[in-house]
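Only one structure is covered here, and it is reproduced in the block below.
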Amino acid sequence: MALDIEAIRADFPILKRVLPNGKQLVYFDNAATSQKPRCVIDAMSRFYEEYNSNAHRANHTLADEATAALESARARISSYFGTGPANLIYTSGATEAINLVAYGWGRYNLERDDVIVITEMEHHADIVPWQELSKTHGVEVRFVPIDTKTFTLDMEAFEVALDGAKLVCVVHTSNVLGVRNPIERIIEMSHAVGAKVLIDAAQGAPHERIFFDSSGADFVAISSHKMAGPTGIGCLLVKTDVMAEMGPFMTGGSMIRRVTTEGTTFQEGHAMFETGTPRIAEAIGWGAAVEWLAQFDMREVHAHINDLASWTSNQLLDIPGIKIYGDPSHKDSSGAISFLHDGIQSQDLAMLLDEGGFAVRTGHHCAQPLMDALGVPATNRASFWIYNTLDEVQAFIEYLRFICERFA
Amino acid sequence: MIYRRVRLNRINMEEEIVAEREWPEQLDEIIEEFADCFDAMERYELLFEYAQRMPTPLAEAEWDDQNKVHGCQSNAHVVCSLDENGRFLMRAGADAQLVQGLMTITAIAVNGMTSTEVVELKPVYADAMGLRNTLTPSRANGFLNMFEKVQTAAQSMM
C-alpha cells in the first residue's frame, strides 16, 4: 500500500508552522533531527499531567505507573529493533551509547596496542571517544579512508586495517553523504578476525528497520530524536554475552546493589549502566514514536525518501555552480544531499534559503575528517524524511534557482 | 553614547539639535539605504554589496586562531590597531558575505574614532538597518561576538 503522505503530515503539528517572515516552513534538516508526531507529544504530556513520578524507587501508585511505562517502552523499543529488553541500555542518545562502549567495554577489555578500526566517514561521536581511549589506554586507532570518487568506504583498505583488530566501529549511514555502508559484510569480515563490531545507527535507524539479534553486531548505538522520538534519549543495544564483559561507566544511584563505607557492588545487566533518575518521559515518548513508525513498511518509507532525493539531486546538478558530495540517487542512499555552490558561501546560501522558509543544515556536520577527505570546510545539506513531499522539493529547486541567479 | 546633529539658529545664534541617534554620522546614509529596502532579499543584496566595499580588509593569509571571531558560524577574523594619528583602525575579513557586510559597516563606523568612542558605541545600528529580523539568535550572536571583539580591543588601547 502506498504511503499516504498527506495523512502522515497531518500527524505533525509543526509542519503547519509559518515562520516570522510569513513563509511556510519546509523542513529539510531531518538528518539533524526529525519532527515529532502528535502521539509522541501527547504521550509525554500525559506522563507529566497524569503520572509523573520517579521510576524504580517508591511503592506509591504514580511510581508504579511510571516504572511500568518506562519498562513497557523498553520492551516496545527493543522489540522494534529485533531484540529483547535485557539487551537495551537507555542512554542520552547515540553519542552516550558510543561512549558507553568506549568506557564500559573498551576500558575493561582493551590493552595497550590493541587495534580499533574506524572510518573517515564517522561522526565525531564515533571518533573522539576512541582518540581519548588511545590517550589513556594506548590503543591504536586506524582510520579506513573513503574513495572520494564514489564517496564509499574503501573496502580493500578496510580489509587491510582489520589485521589484528579488536574492535570495529562503523557508521551505518553517513550523516553527510547519505551513503549506507555494507554493514552486513563489515560485520562478517570483522568477526572473521575476532573483532567486536559497533554500528553507529543514528542515521540508519530512521531509514530502515534494524534487527539487532539477526544483524550479528555486538553493539548498535541509536538516537530517538532522529526517528520521530524526543531528544535526550537513545540506546545501546548489546549482545548478552558481550554485556557480561562490560563494567560500570557512569556511577551513582540505581546502578548499585549495595553501597557501604568500604565499597560498592553493582547491579547486573542494563541496570548497571543506567544510573540516576531515568529519562522517563523521553522513554515513553520514544516508545510512542516506534509504535507510530511500526505502522509503516520502512522499505516504502525509504523508497519515498529515495525518490525525493533522486529527483532533487538530478535537478541540483542542472543548476550551474552546484556540486553534490555523495550519490543521493543511489538506491541505498538515506536522502541526505550535501552540496555546495561555487559562488555563494554555504552559510550565506543557508541564510538565503531560510529566508524562503527552507530549513537546511550548514557546516561540517560533526564530521571534520570527512570534510578534510572531501577537501571542503563545510557543506549545505538537505535531508528528507517520511513527511516531505514532491511539492516541497519542487519549490526548493525553484527557489534555489532564483537565489543562484540573483546572488551568485 | 548619543550622537547629535545640530544646526545654528540664526536668530538667537544658539545650536539646535536636529537629530539624535546612537551611531556616528557616517552611518546615517547607510542606515537610510537599508531602511529603504523593499524586502529582506533587497537588504541581503545590499549587504552582499557592502561586503565588497570593506575599506580595511584583512587578507585571508592573515587569518589565524588569535584573530578569529569565536561563536560565529562562518570564518570571521578581526585585527584592531591604532593608526599613525592614534585613531582606531579595524581590519576584518569573513568567508560569508552576510558577516563581511556587517563587518564593513562596523569598520565604517569605528575607523577613525578614539578608543573611548569605540568602547561607548552600541551595536544598535544593525537594528536601525532593519536587520533585526535577518539576524536570528545564532547569527546575531556572531555579529555581537564580532562587535565585542572590537570593543575589547578598543578597551585595551585606552
Side-chain angles (χ1 to χ4, degrees), chain A residues 17-27 29 32-33 124 321 338-368 371-372 374-381 395-396 398-408, chain B residues 34 37-54 57-58 60-61 63-65 68-77 92-105 126-127 129-146:
Chain A
R17 169 84 199 266
V18 173
L19 299 175
N21 66 1
K23 295 283 165 48
Q24 168 66 45
L25 167 72
V26 177
Y27 188 75
D29 196 14
T33 197
H124 294 163
S338 270
F339 63 97
L340 284 175
H341 189 283
D342 62 11
I344 308 176
Q345 197 264 357
S346 57
Q347 294 285 346
D348 288 330
L349 187 58
M351 175 201 70
L352 293 167
L353 286 168
D354 183 51
E355 192 56 42
F358 300 95
V360 302
R361 171 81 189 265
T362 307
H364 53 59
H365 312 291
C366 298
Q368 286 178 322
M371 292 291 127
D372 290 343
L374 297 173
V376 295
T379 65
N380 292 110
R381 182 189 67 193
F396 173 69
E398 194 182 326
Y399 184 78
L400 186 59
R401 279 184 188 281
F402 159 73
I403 293 293
C404 292
E405 279 163 21
R406 192 160 172 182
F407 289 89
Chain B
F34 274 91
C37 283
F38 172 69
D39 61 6
M41 284 314 232
E42 237 183 71
R43 272 193 291 277
Y44 283 128
E45 264 181 331
L46 194 54
L47 211 45
F48 274 49
E49 278 173 32
Y50 270 97
Q52 307 304 316
R53 298 188 215 163
M54 169 61 82
L58 185 72
E60 211 170 321
W63 296 5
D64 61 28
D65 251 13
K68 187 174 166 59
V69 179
H70 293 284
C72 187
Q73 288 181 4
S74 56
N75 274 317
H77 297 261
D95 53 6
Q97 299 295 288
L98 168 74
V99 181
Q100 174 86 6
L102 285 166
M103 283 173 146
T104 299
I105 291 156
D127 293 340
M129 286 158 65
L131 292 175
R132 188 192 289 271
N133 292 336
T134 303
L135 297 174
T136 61
S138 62
R139 291 178 207 143
N141 279 345
F143 167 68
L144 293 175
N145 288 345
M146 180 268 291

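In this text, all values refer to a predicted model and were calculated from it rather than measured experimentally. Below, read A as the first sequence line, B as the second, and so on, with proteins coming before strands; counting in each chain starts at 1.
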Non-hydrogen atoms of A:D348 and B:L98 that approach each other most closely: OD1-N, 3.0 Å
Minimum heavy-atom distance between B:M41 and A:F402, given as atom pair plus value: CE-CE2, 3.8 Å
Pairwise distance CD(A:E355) to CG(B:D39) - rounded to 0.5 angstrom: 7.5 Å
A:F407/B:Q97 under side-chain contact (heavy atoms from CB on, under 4.5 Å): CA gap, chis, key distance, verdict: CA-CA 10 Å; A:F407 289 89; B:Q97 299 295 288; over 6 Å; no
Contact summary for A:R406 and B:E42, nearest pair of heavy atoms: NH2-N, 3.9 Å
Whether over 12 other heavy atoms sit under 6.0 Å from B:E45 CD: yes
Side chain / backbone / both / neither for A:I403 at chain B, heavy atoms under 4.5 Å: side chain
Part of residues 360-368 of chain A lying next to chain B, heavy-atom separation under 4.5 Å: none
